[in-house]
Amino acid sequence: MKLFEAIEKRRSVRDFEKTDILINDLKRIVDAGRVAPSGSNIQPREFIIITDSEKLRKLSKAQDTVTEVSAAIAVVCDPEESDWWVEDMAASVENMLLATVALGYDSVWIEGTLLDVEDWAKDVLDVPEDKRLVTILPIGKAASEGTRARKKPLDEVTHYNRYGNKSE
Ligand SMILES: Cc1cc2nc3c(=O)[nH]c(=O)nc-3n(C[C@H](O)[C@H](O)[C@H](O)COP(=O)(O)O)c2cc1C
């Protein structure tokens, strides 16, 4: 799939039909996250591929969605390693979301609902205390077409040469 097609096709999916995911596909998705840019190339992020159904069940405490898939990827960051760890994590996550779509799967960026139960989730995955577990990406296939989130129009968010100038 072409890059712009994947960008346009990507949407947050929260209802999945259960499908098996090839381990090689999961590794390719993580690899897309691995090569994302990071401040000073410090790369303060690591990834956990989760296929253990009991762990997935437990992680559904963050969001029910996680029980519907047979695999998920968690992103672990070290805040001590870099001042830009949040941005570095986000760059990896977006790369992985696009790779997921390119391989024919769907996902959703679970972070907001994970924060409240982060310590619990770290325990489930044996993440060291000094690291952060900030995002989980369930990987699966959408159960339905679903709706697309409304995006602000290009004209509304684009300025030319100075803020406020709308003519090219
Ligand atoms: C930092 C961040 C945190 C998010 N956390 C959650 C979350 O915890 N649960 C969830 O269902 N979606 C979460 N999302 C997905 C957004 O709700 C979603 O991207 C937004 O509504 C736009 O929809 P779209 O992804 O389909 O374009 C998060 C997205 C971002 C960027």
Side-chain angles (χ1 to χ4, degrees), residues 1-37 45-77 85-127 132-158:
M1 189 185 292
K2 295 272 191 321
L3 175 64
F4 279 92
E5 199 183 334
I7 289 173
E8 274 155 34
K9 233 180 138 206
R10 187 215 59 80
R11 66 182 174 92
S12 292
V13 168
R14 298 177 181 88
D15 291 306
F16 292 91
E17 62 178 46
K18 215 153 201 162
T19 20
D20 289 334
I21 318 279
L22 299 171
I23 185 70
N24 266 358
D25 285 348
L26 292 167
K27 283 160 94 173
R28 278 185 85 188
I29 295 168
V30 166
D31 208 32
R34 177 183 71 85
V35 298
R45 60 217 165 183
E46 292 171 279
F47 309 90
I48 304 175
I49 293 175
I50 310 152
T51 52
D52 180 313
S53 56
E54 185 53 19
K55 289 196 189 298
L56 290 168
R57 192 191 60 74
K58 286 185 176 164
L59 292 171
S60 68
K61 195 165 179 167
Q63 195 160 313
D64 286 349
T65 317
V66 184
T67 49
E68 297 173 9
V69 292
S70 53
I73 295 167
V75 187
V76 176
C77 292
W85 69 273
V86 174
E87 293 85 343
D88 300 342
M89 174 276 296
S92 280
V93 169
E94 182 62 8
N95 263 19
M96 289 195 286
L97 288 174
L98 294 178
T100 298
V101 172
L103 289 171
Y105 304 111
D106 298 285
S107 186
V108 59
W109 184 326
I110 295 180
E111 180 173 343
T113 58
L114 172 62
L115 287 178
D116 285 343
V117 294
E118 183 184 348
D119 287 342
W120 155 271
K122 278 170 69 173
D123 230 38
V124 171
L125 298 175
D126 292 333
V127 175
R132 297 288 309 271
L133 170 57
V134 274
T135 303
I136 293 176
L137 302 179
I139 312 290
K141 295 211 173 176
S144 61
E145 262 309 285
T147 51
R148 305 200 73 82
R150 183 194 164 268
K151 302 293 172 178
K152 293 178 182 175
L154 185 62
D155 282 354
E156 188 183 320
V157 297
T158 311

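As a basis for the values below, the full set of heavy atoms in this structure was taken, side chains included, without hydrogen atoms, waters or symmetry mates. Throughout, residue positions are numbered sequentially from 1 according to the sequence presented.
The CZ atom of Arg148 lies 8.5 Å from the CD atom of Glu8; values are rounded to the nearest 0.5 Å. For the atom pair Glu94 CD and Arg10 CZ, the distance stands at 5.5 Å (nearest 0.5 Å). With values rounded to the nearest 0.5 angstrom, Leu59 atom CG is found 8.0 Å from Leu114 atom CG. The OH atom of Tyr105 lies 5.0 Å from the CD1 atom of Ile21; values are rounded to the nearest 0.5 Å. For the atom pair Lys122 NZ and Asp119 CG, the distance stands at 5.5 Å (nearest 0.5 Å). For the atom pair CG of Leu137 and CD1 of Ile49, the computed distance is 11.5 Å after rounding to the nearest 0.5 Å.
Shown here is Lys9, whose NZ atom has no more than 12 heavy atoms of other residues, nucleotides or ligands within 6.0 Å. No more than 12 heavy atoms of other residues, nucleotides or ligands lie within 6.0 Å of CD in Glu145, so this atom counts as exposed by the packing criterion. Remark: Arg11 CZ is packed, more than 12 non-hydrogen atoms of other residues, nucleotides or ligands lying under 6.0 Å away.
Contact detail for Ala142 and Phe16: the closest heavy-atom pair is N-CD2, 4.3 Å. Smallest separation of non-hydrogen atoms from Cys77 and Val134: SG-CG2, 4.2 Å. For the residue pair Leu103 and Asp25, the shortest heavy atom distance occurs at CD1-O, 3.7 Å. Between Ser92 and Arg45 the shortest heavy-atom distance is OG-CD, 3.0 Å. Shown here for Ala74 and Leu125, the closest heavy-atom pair between the two residues is CB-CD1, 3.9 Å. Across all their heavy atoms, Ile110 and Thr113 have their closest contact at CG2-OG1, 3.4 Å.
Here salt bridge (charged side-chain N to carboxylate O under 4.0 Å, His left out) pairs that include residues 109-118, with residues two or more places apart or in two chains, are Glu118-Arg132. Sequence neighbours left out, the pairs with a member in residues 51-67 that pass salt bridge (charged side-chain N to carboxylate O under 4.0 Å, His left out) are Glu54-Arg57.
One N or O on the side chain of Asn95 and one on the backbone of Ala32 form a donor-acceptor pair closer than 3.5 Å. Between the side chain of Ser107 and the main chain of Pro138, a donor-acceptor pair closer than 3.5 Å is present. A donor-acceptor pair is defined here as one N or O able to donate and one able to accept, closer than 3.5 Å; no such pair exists between the side chain of Thr135 and the backbone of Val75. A distance-only check finds no donor-acceptor pair linking the side chain of Arg28 to the backbone of Ile23 [under 3.5 Å]. Side chain of Lys18 to main chain of Gly140: no donor-acceptor pair is present (N/O by atom type, distance under 3.5 Å, no hydrogens or angles). Checked by atom type and distance alone, the side chain of Thr100 never pairs as donor or acceptor with a backbone atom of Asp106 at under 3.5 Å.
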*asked:* Checking Ile139 against Leu26 for the side-chain contact (heavy atoms from CB on, under 4.5 Å) test, could you report, in this order, the C-alpha distance in whole Å, the side-chain angles of both residues, the deciding distance, and whether it holds?
replied: CA-CA 8 Å; Ile139 312 290; Leu26 292 167; 4.1 Å; yes

#### Entry: Worked check of side-chain contact (heavy atoms from CB on, under 4.5 Å) between Val108 and Val13
CA-CA 5 Å; Val108 59; Val13 168; 5.6 Å; no

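Leu56 places none of its side-chain heavy atoms less than 4.5 Å from the side chain of Thr51. By the 4.5 Å heavy-atom criterion applied to side chains, Arg34 and Asp31 are counted as neighbours. Side-chain contact check for Ile73 versus Ile29: some heavy-atom pair is nearer than 4.5 Å.
Here Arg14 pairs with nothing under the side chain to side chain donor-acceptor pair (under 3.5 Å) rule; sequence neighbours left out.
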